[in-house]
Amino acid sequence: MTEPVLSVKNLVVEFPFRDDVFRAVDDVSFEIMPGEVVGVVGESGAGKSMTGAAVIGLIERPGHIAGGEIRLKGERIDNLPEDARAKLRGKRIGMVFQDPLTSLNPLYTVGRQLVETIRAHLPLSEAEARRKAIDLLVEAGIPKAAERIDSYPHQFSGGMRQRVVIALAIAAEPELIIADEPTSALDVSVQAQIIKVLKKLCASHGAAIMLITHDMGVIAQTADRMIVMHHGKIVETGTVGDIIRRPREPYTIKLIDSIPTISRTGETIAPEAANDDRAFVEIRDLVRDFELGRSAFTRLLPGKVEIFRAVNEVSFSIAKGKTFGLVGESGSGKSTCAKMIVGLLRPTSGSIHVDGHDVWAGAHGLRERRRRVQMIFQDPYASLNPRWRVADIVAEPMKTLGIARNRTEVQDRVADLLTKVRLEPGAMKKFPHEFSGGQRQRIAIARALSSQPEFIVCDEPTSALDVSVQAQVLDLMSALQEEFGLTYLLISHNLAVVRQMSSAVGVLHNGVLVESGPVDAIFDNPQADYTKMLLDAVPDISKVA
Amino acid sequence: MTDLPHSPEQPVPARTSRLATFWRSDLVWSYRHSPVTIVASIVALALILMAVLAPWIAPYNPFNPATLNLMDGMTPPNSASYSDRYFLLGTDNQGRDVLSTIMYGSRVSLFVGIMATLFAMVMGVGLGLVAGYAGGLADAVIMRVADVQLSFPAILIALLIFGVARGIIPPNHQEGAAVWVLILAIGLANWAQFARTVRGATMVERQKDYVAAARILGVNPILILLRHVLPNVLGPVLVIGTIGLALAIIEEATLSYLGVGVPPTQPSLGTLIRIGQQFLFSGEWWILLFPAVTLVLLALSVNLLGDWLRDALNPKLR
């Protein structure tokens with residue numbers, strides 16, 4: 001039997017606090033064989049990143065390894081002095097982090113960083129190291145590597161930068177690569193390429209991978225075995241196929257059940273397109289231009305203005321009580337669309353009608369818009385004022401619009417709304433920081449409902465949440481839609497969420513709506529090339545071999 | 001955030017009394033673990049109490065000519081005077097008790113310092129909020145004015161304002177108005193710091209979605225600024241305010257020392273130092289030394305409190 005590359009036994013990582021000790025990793029044991037790809041999956045706070053940090057020896061103080069042992073090729077490394085551990089990093093254990101922007105030094109060219117890393121670990125001359133660096137970049141799929149090697153990190157796109165980081169990690173021929181959420185900051189189409197590159201490079205160099213991610217889909221497509229973590233403990237280990245098809249532990253079953261899947265599994269919402277005569281929300285030829293690089297003073301001067309068109313003649317309509325999913329990658333203009341619809345940004349041209357009222361037409365349109373349109377934001381940490389109590393946050397819309405003025409009436413309504421979003425009415429007296437991410441998003445939903453809107457724009461409502469919490473929030477949104485007859489515009493980069501929630505969908509690419517129609521037609525039979533590519537790129541647990 | 005599907009998330013249950021929560025808060029914890037801060041706060045509190053209570057606890061009233069005896073002049077500290085009265089810190093040339101003049105002087109210094117800082121704070125925070133929130137031309141104009149302001153030494157600006165005020169106010173009102181002119185001068189010299197900090201913080205806050213949520217509703221921009229943004233930018237303002245208070249006290253002393261501050265009939269610590277320095281070379285050191293030490297203690301303790309507040313409110317430094 002071969003010796004494992006990495007063997008972790010009874011690892012415990014603790015964070016001492018003023019009057020408490022927090023156990024981030026609790027009695028974790030696993031092994032990684034040479035050339036194997038092991039996925040570590042779990043929700044935020046599960047201790048998966050901390051396990052990775054413990055293996056590399058980069059736990060931030062005051063955290064420390066409180067027990068257990070870590071062996072690299074049978075040699076114990078967790079008790080080595082700091083300088084000996086530093087020598088392991090890069091040489092024997094490579095690292096790929098989530099954010100490719102911060103893991104490269106912006107002041108040095110990519111080539112210099114690669115050559116330095118190579119020469120620090122391998123006995124090569126400057127010229128040899130440079131040749132090897134170019135080879136690595138070519139392998140990582142960077143076109144014209146020989147020219148681009150002298151570029152700075154900011155001259156690369158996010159996906160290209162992550163390729164450079166992977167090349168950097170593999171440069172010294174390490175035995176193990178720890179990749180912590182390597183694709184979470186990237187768009188789906190780029191993500192698929194990066195996963196391929198990571199897998200190919202490690203296979204050709206014989207490195208094992210410890211792939212840490214919250215995305216079960218990524219693991220399903222990449223890993224051989226997977227480890228499911230929860231509250232610092234290992235819940236289940238096994239081959240990827242086994243765990244996804246036949247999960248044993250209740251936690252794993254719940255986790256897998258809560259992942260929305262891109263392929264339609266359950267019953268389809270019956271298409272009722274025939275029975276609505278009129279669109280409730282109608283968006284026609286919406287355009288938004290931005291002027292580039294002009295400050296307040298230079299704007300007064302005459303001169304040529306460079307214009308960037310973020311949204312280009314987008315038209316779609318939503319029937320009452322239905323959900324329209326707007327899909328697109330970062331920079332596609334979907335958030336700009338949302339801002340124009342809710343009244344944060346004036347359209348350059350085009351019109352938005354809600355229930356027959358033009359929301360950008362004078363004071364009347366403004367009043368109608370405020371009464372009918374509300375928004376749910378992506379980040380529940382930024383969308384609630386941290387200095388306000390929940391009662392005041394939820395009451396603000398109804399007070400501002402004069403729906404309820406009397407104090408007891410406001411209080412009753414707030415309590416009612418909180419119950420509707422399945423929170424205790426006692427939550428009123430607390431501040432947002434006393435709640436978890438999922439609970440905060442429910443408070444945000446309660447606030448959106450407070451003004452009794454008919455149309456709610458949801459801008460990535462669940463992308464900051466863990467999958468199991470995401471499932472709860474989506475359930476809640478569907479239930480509320482049914483109860484109040486709400487119309488949703490659901491903006492998301494997550495195709496599976498859109499498929500689950502929407503009856504119709506539009507695909508945005510570089511500000512242009514490339515395709516729109518009923519959700520099943522688009523997902524099962526996409527016409528535009530971009531949509532096809534997007535659908536192919538999504539990592540999905542149903543695609544597991 | 002590690003909750004499972006279908007297990008209802010429960011809000012954090014532990015609720016204790018407000019006082020207990022406060023006592024265990026990070027701010028109090030960092031206070032209790034910083035001996036320098038504890039000493040500084042005790043010194044500052046003692047000096048402030050001494051100033052506020054001066055009319056009741058001062059051994060003499062140095063501004064009542066009836067109690068003054070010119071023959072008591074220049075009595076050294078801790079020794080019997082001509083009229084056989086006891087002066088702990090000695091007397092000045094007119095026979096005024098140095099301890100009492102310091103107590104009354106601190107009163108004037110603190111009053112001017114606090115009022116000037118409040119004035120600078122209100123003006124700076126207001127302009128900073130407008131500049132940061134409105135952006136565009138308003139921002140450009142306000143911040144360029146602040147830049148110009150910051151490139152002048154604060155004392156020079158105060159002197160300028162003081163000179164202009166002298167010219168405008170009729171001579172018979174000048175004595176009474178002196179304190180207010182001083183407050184205006186020091187306040188105007190210090191607002192830019194507040195404006196810069198608040199503008200930066202406001203620009204961060206206005207990007208946040210809770211401000212967008214209020215804008216979607218059509219909440220009045222002034223209400224958004226006051227109710228949403230202001231509470232979230234006050235932390236750094238408190239820090240600059242404390243450090244600015246020490247600065248304002250020193251600036252007041254400097255102006256008074258230069259003879260353009262408060263009149264000698266209601267002397268501040270700066271005026272006392274100015275009087276005292278005339279006698280330094282003739283051996284009557286106590287007239288200068290004690291007001292100067294008081295000024296240093298006051299400025300130092302307030303400054304140390306400001307430093308602590310800055311570190312305690314900035315989690316990155318912990």
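Numbers restart at 1 for each chain; the letters A, B, ... are given by sequence-line order, proteins then strands.
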Checklist entry - Out of Ser383(A), Ala444(A), Gly42(A), which one racks up the most heavy-atom pairs below 4.5 Å with chain B? => result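 Top option by heavy-atom pairs under 4.5 Å: Ser383(A).
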Item to check | Largest heavy-atom contact set with chain B, pairs under 4.5 Å, which of Ala448(A), Ala382(A), Pro386(A) | outcome: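 Top option by heavy-atom pairs under 4.5 Å: Ala382(A).
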Please classify the contact between [X] and chain B as side chain, backbone, both or neither, with a heavy-atom cut-off of under 4.5 Å.
X         : value
Arg367(A) : neither
Leu384(A) : backbone
Arg371(A) : neither

Item to check | Contacts with chain A made by residues 208-220 of chain B (heavy-atom distance under 4.5 Å), listed by residue number | outcome: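 Within residues 208-220 of chain B, the residues that come under 4.5 Å of chain A (heavy atoms only) are Lys208(B), Asp209(B), Tyr210(B), Ala212(B), Ala213(B), Ala214(B), Arg215(B), Ile216(B), Leu217(B), Gly218(B), Val219(B).
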Item to check | Beyond-backbone contact of Glu396(A) with His228(B), side-chain heavy atoms, under 4.5 angstrom | outcome: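 The answer is yes, as the side chains (C-beta and beyond) meet within the 4.5 Å cut-off.
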Return yes when atom [atom1] of [X] has more than 12 non-hydrogen atoms of other residues, nucleotides or ligands closer than 6.0 Å, and no otherwise.
X         : atom1 : result
Phe152(B) : CZ    : no
Ile222(B) : CD1   : no
Glu205(B) : CD    : yes
Arg413(A) : CZ    : yes

What donor-acceptor contacts under 3.5 angstrom involve side-chain atoms of residues 120-130 of chain B, with partners at least two apart or in another chain?
none

